[in-house]
Amino acid sequence: KQVGVLISGSGTNLQSLIDATIDPGKGTGAEIVIVISNKPGVQGLIRAKNANIPTKVIPHTAYKSRLAFDMAVHSELTAAGVEIVCLAGFMRILTGDFVRLWRGRLINIHPALLPLFKGTHAHRQALEAGVRITGCTAHFVEEDIDAGAILVQESVQIEVGDTEESLQERVKLTEHKVFPKALMLVATEKVFLNEAGKLVWK
Ligand SMILES: Nc1nc2ccc(CNc3ccc(C(=O)NCCCC(=O)O)cc3)cc2c(=O)[nH]1
Ligand SMILES: N[C@@H]1O[C@H](COP(=O)(O)O)[C@@H](O)[C@H]1O
């Protein structure tokens, strides 16, 4: 399956997807054919270039509306023959129109155990809540933010004295295992999203 990855920043999750798909023998059934960033000059673009993956910057600030931006992204993905879209630290909310075009083929990685701590600043929410265990979640994307069917989760221990930074660093190591696993499930059609938004396992 041909994969498009949307990023906004450092791209460590993109790197984990690259590492998992670079060797056809690894059987992820996936090949990254384009990386799109809404921000220029981010580290993720360098990572894609180093892996000889075509990149495109589509600045959301250049579009009159959220929908116009989303449709520009949709056009690039379609032109590249993308079949599955991964949001890897992509920080723009997507319109319902875009989600409907890609539903069931659009996955995201969230740095918390959904449905807990949705939205931005998940680590800050976890620290403020005083939980001892957090983690990360790979899920199908629905219009409702961070509410799509859950594909893969893994827990991460919070240590005494953790800061948002130390926690993000530890959780990312787990994200880098969870996201490739989720991509593989979808790319090899082990799991589908049904009309009711539930997972159907093959
Ligand atoms: N419709 C839909 N789209 C998404 C886009 C990105 C992410 C990644 N996680 C994200 C979750 C929340 C945000 C957020 O609230 N950003 C601040 C506002 C930025 C803006 O104005 O756009 C961004 C990404 C998840 C979703 C999702 O679950 N559903
Ligand atoms: N959505 C969240 O944003 C961060 C992106 O990091 P990177 O993949 O750009 O390094 C990750 O923690 C991811 O869970």
Side-chain angles (χ1 to χ4, degrees), residues 4-20 32 35-39 41-48 51 55 58-63 65-74 77 85-127 134-156 162-183 193 197:
V5 185
L6 306 189
I7 63 168
S8 299
S10 59
T12 65
N13 275 284
L14 165 65
Q15 190 63 56
S16 71
L17 296 176
I18 290 172
D19 297 344
I32 301 172
V35 170
I36 297 174
S37 176
N38 66 305
K39 291 212 163 94
V42 294
Q43 178 66 18
L45 291 166
I46 310 292
R47 296 177 189 275
T55 62
I58 304 181
H60 59 279
T61 49
Y63 294 85
S65 72
R66 199 175 281 275
L67 182 60
F69 167 74
D70 284 8
M71 290 306 115
V73 172
H74 174 67
L77 291 168
V85 180
C86 293
L87 304 184
F90 184 69
M91 295 319 285
R92 296 292 299 173
I93 292 173
L94 294 162
T95 58
D97 289 316
F98 182 94
V99 173
R100 272 183 291 282
L101 286 166
W102 292 95
R103 194 170 177 280
R105 308 180 293 154
L106 176 59
I107 58 179
N108 177 51
I109 181 80
H110 183 74
L113 293 176
L114 292 175
L116 273 180
F117 312 139
K118 294 182 179 181
T120 50
H121 309 302
H123 300 304
R124 187 180 308 169
Q125 295 180 59
L127 291 170
T134 185
C136 60
T137 305
H139 63 96
F140 279 114
V141 172
E142 296 283 5
E143 184 169 359
D144 187 9
I145 306 290
D146 297 332
I150 290 170
L151 285 158
V152 183
Q153 290 188 305
E154 189 169 322
S155 65
V156 173
D162 259 338
T163 61
E164 280 186 63
E165 292 71 28
S166 63
L167 187 53
Q168 179 183 56
E169 189 181 345
R170 189 173 317 115
V171 171
K172 275 191 174 185
L173 297 178
T174 303
E175 292 176 36
H176 301 160
K177 292 192 295 176
V178 161
F179 208 9
K181 199 169 152 192
L183 173 56
L193 186 67

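Remember, it's 1-based here, ligands and their atoms both numbered in the order they're listed. Reckoned from all heavy atoms, side chains included, excluding hydrogens, waters and symmetry mates. By convention here, the first residue in the shown sequence is residue 1.
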Proximity to ligand 2 by part of Met91, non-hydrogen separation under 4.0 Å: neither
Interfacing atoms of ligand 2 (cut-off 4.0 Å, heavy-atom, Gly89): 1 (N), 3 (O), 5 (C)
Any donor-acceptor N or O pair under 3.5 Å, side chains Ser10, Gln43: no
Taking every non-hydrogen atom, the tightest pair across Ala51 and Ile18: CB-CG2, 3.8 Å
Heavy atom of the protein closest to atom 2 (C) of ligand 1 (residue, atom name, distance): Glu142 O, 3.5 Å
For atom 4 (C) of ligand 1, closest protein heavy-atom neighbour: Leu94 N, 3.8 Å
Contact check: Asn108 vs ligand 2, nitrogen or oxygen atoms, below 3.5 angstrom: no
Shortest protein heavy-atom distance from atom 19 (C) of ligand 1, along with the residue and atom involved: Met91 O, 3.5 Å
Distance-minimising heavy-atom pair for Cys86 and Phe179: CB-CZ, 3.8 Å
Which residue and heavy atom of the protein sit nearest atom 1 (N) of ligand 2, plus the separation: Ile109 O, 3.3 Å
Atoms of ligand 1 close to Glu143 [distance to a heavy atom under 4.0 angstrom, numbered from 1]: 1 (N), 2 (C), 29 (N)
Non-hydrogen atom of His60 closer than 4.0 Å to ligand 1: no
For Ala126 against Thr134, the heavy-atom pair lying closest together: CB-OG1, 4.3 Å
Side-chain (Asn38) to main-chain (Ile58) donor-acceptor, under 3.5 angstrom: no
Close approach of Arg66 to ligand 1, heavy atoms, under 4.0 angstrom: yes
Ligand 2 N/O within reach of Thr12 N/O, cut-off under 3.5 Å: yes
Parallel, tilted or perpendicular: ring planes of His74 versus Phe98, cut at 30 and 60 degrees: perpendicular
Protein heavy-atom partner closest to atom 9 (O) of ligand 2 - residue, atom, separation in Å: Gly11 N, 2.8 Å
Structural part of Ile145 in contact with ligand 1, heavy atom criterion under 4.0 angstrom: both
Shortest heavy-atom approach to atom 7 (C) of ligand 1 - which of Val141, Leu87, Asp97, Leu6: Leu87
Closest non-hydrogen atom pair, Thr55 against Ala48: CG2-CB, 3.3 Å
Residue, atom name and distance, where the atom is the protein heavy atom closest to atom 6 (C) of ligand 1: Arg92 O, 3.3 Å
Any side-chain heavy-atom pair of Val5 and Ile36 under 4.5 Å: no
Ion pair Glu143/Arg103, N-O distance below 4.0 Å: no
Ile93, portion touching ligand 1 at heavy-atom distance under 4.0 Å: both
Main-chain N/O of Leu114 paired to Thr137 side chain as donor or acceptor, under 3.5 Å: yes
Leu77 and Leu6, any side-chain heavy atoms less than 4.5 Å apart: yes
Atoms of ligand 1, numbered as shown, that sit under 4.0 Å from any heavy atom of Val99: 1 (N)
Contact with ligand 2 for Gly44, non-hydrogen, under 4.0 angstrom: no
Sidechain N-carboxylate O distance under 4.0 Å for Asp162, Arg170: yes
N or O contact, Glu175 vs ligand 2, cut-off under 3.5 Å: yes
Heavy-atom proximity to atom 24 (C) of ligand 1, best of Phe90, Phe98, Phe140, Phe69: Phe90
Heavy-atom proximity to atom 16 (N) of ligand 1, best of Thr120, Asp146, Ile109, Asn38: Thr120
Polar atom proximity, Gly9 to ligand 2 (N or O, under 3.5 Å): no
Short N or O distance, Ser10 and ligand 2, threshold 3.5 Å exclusive: yes
Side-chain donor-acceptor pair present, Thr12, His176, cut-off under 3.5 Å: yes
Heavy-atom closest pair, residues Ile145 and Lys118: O-CD, 3.9 Å
